[in-house]
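Contents: one structure, followed by commentary.
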Amino acid sequence: MKRYFFISGIITSAVNLTLQSSIYFIFLKKFYASHPAGSDEYMEQLNRPPEELVIWALLVSALAFGFFITTTIKWSGARSFSSGLKYGFILGVLFWTAMNFGLYSAQNIFSLPSVLVDLLCSAFSMTISGAVSAWILGKANSD
């Protein structure tokens, strides 16, 4: 079971990072540009250019998210893709609602439309990641 937990955490990390990155580059990057939280100068100061991305920090964040999702799905008892969708959706909506509206309430890094769109996209990624995690964890029960 511990082996499946570790495997699930790693794979869930990769799935969540891939989904989040894909959604950002396909949709959110353009959306954020058309719904900025502030002036162009402010946005340039806020975001690192791609060549300054801190890769090790991105990997630590991805692993933390993957194991956060896997731990929560394990505690939920979900052991199939469909049950993982349900619990992943609940986790995603609650987590990203708390994060996005918390940031929006106290900082100038989001516009309200950006908060709502990011919430939908991020909750979707966490939903799918939760389903993958539950499916992998379910394999431990079938072996």
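Please read all numbers here as calculations on a predicted model, not as lab measurements.
Atom OH of Tyr87 is separated from atom OG of Ser82 by 11.0 Å, given to the nearest 0.5 angstrom. If you take CD1 on Ile69 and OG on Ser13, they are separated by 7.5 Å, rounding to the nearest 0.5 Å. Residue Leu112 holds its CG atom at 10.0 Å from NE2 of His35, rounded to the nearest 0.5 Å. Ile26 contributes atom CD1, which lies 10.5 Å from atom SG of Cys121 (distance to the nearest 0.5 angstrom). Of the inter-residue distances, the one linking Met126 atom CE with Asn16 atom CG reads 6.0 Å to the nearest 0.5 angstrom. Rounding to the nearest 0.5 angstrom, the gap separating the CD1 atom in Ile73 from the CD1 atom in Ile136 is 11.5 Å.
Criterion: ILVMFWY side-chain heavy atoms under 4.5 Å apart, direct or through other members. Under it, Phe81 and Ile90 are not part of a common hydrophobic cluster. Hydrophobic clustering (ILVMFWY, side-chain heavy atoms < 4.5 Å, transitive): Phe68 and Val132 are in one cluster. Residues Phe89 and Ile23 do not share a hydrophobic cluster, defined by chaining ILVMFWY side chains whose heavy atoms lie under 4.5 Å apart. Val93 and Val117 fall into different hydrophobic clusters, where Ile, Leu, Val, Met, Phe, Trp and Tyr residues are linked whenever their side-chain heavy atoms come under 4.5 Å apart, directly or through other members.
A 4.5 Å side-chain heavy-atom check between Ile109 and Tyr104 finds every atom pair outside the cut-off. Side chains of Asp118 and Met99 form no contact here, defined as non-hydrogen atoms less than 4.5 Å apart. Proximity of Asn100 to Leu116: side-chain heavy atoms (C-beta onward) are nowhere separated by under 4.5 Å. Using a 4.5 Å cut-off on side-chain heavy atoms (C-beta onward), Leu85 and Ile128 make contact. Residues Leu137 and Arg79 have side chains in contact (heavy-atom distance under 4.5 Å, counting atoms from C-beta outward). At least one side-chain heavy atom of Leu17 sits under 4.5 Å from a side-chain heavy atom of Leu58.
No side-chain donor from either of Thr18 and Ser21 sits under 3.5 Å from a side-chain acceptor of the other. With no hydrogens or angles considered, no side-chain donor-acceptor pair links Ser125 and Ser122 at under 3.5 Å.
Aromatic ring centres of Phe65 and Phe95: separated by under 6.0 Å.
Counting only distance, with no hydrogens or angles, the side chain of Ser34 and the backbone of Phe31 share a donor-acceptor pair below 3.5 Å. Not a single donor-acceptor pair under 3.5 Å links the side chain of Ser22 to the backbone N or O of Leu19. With hydrogens and angles disregarded, no donor-acceptor distance shorter than 3.5 Å links the side chain of Thr97 to the backbone of Leu94.
Applying the side chain to side chain donor-acceptor pair (under 3.5 Å) rule to Ser133 yields the partners Ser8, Thr70; only residues at least two apart in sequence or on another chain are considered.
Between Ala134 and Ser80, the closest heavy-atom pair is CB-O, 3.3 Å.
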Problem - Candidate pair Leu63 and Ile10, rule side-chain contact (heavy atoms from CB on, under 4.5 Å), full reasoning - result: CA-CA 7 Å; Leu63 286 170; Ile10 297 296; 3.8 Å; yes
Practice task
Evaluate the criterion side-chain contact (heavy atoms from CB on, under 4.5 Å) for residue pair Phe67 and Phe5; output intermediate values, then yes/no.
Solution key: CA-CA 9 Å; Phe67 281 95; Phe5 179 82; 3.8 Å; yes
Exercise for the section: Tell me, with the steps shown, if Val54 and Arg48 meet side-chain contact (heavy atoms from CB on, under 4.5 Å). Expected result: CA-CA 9 Å; Val54 182; Arg48 291 181 192 271; 3.8 Å; yes
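Within 6.0 Å of CH2 on Trp96 lie more than 12 heavy atoms contributed by other residues, nucleotides or ligands.
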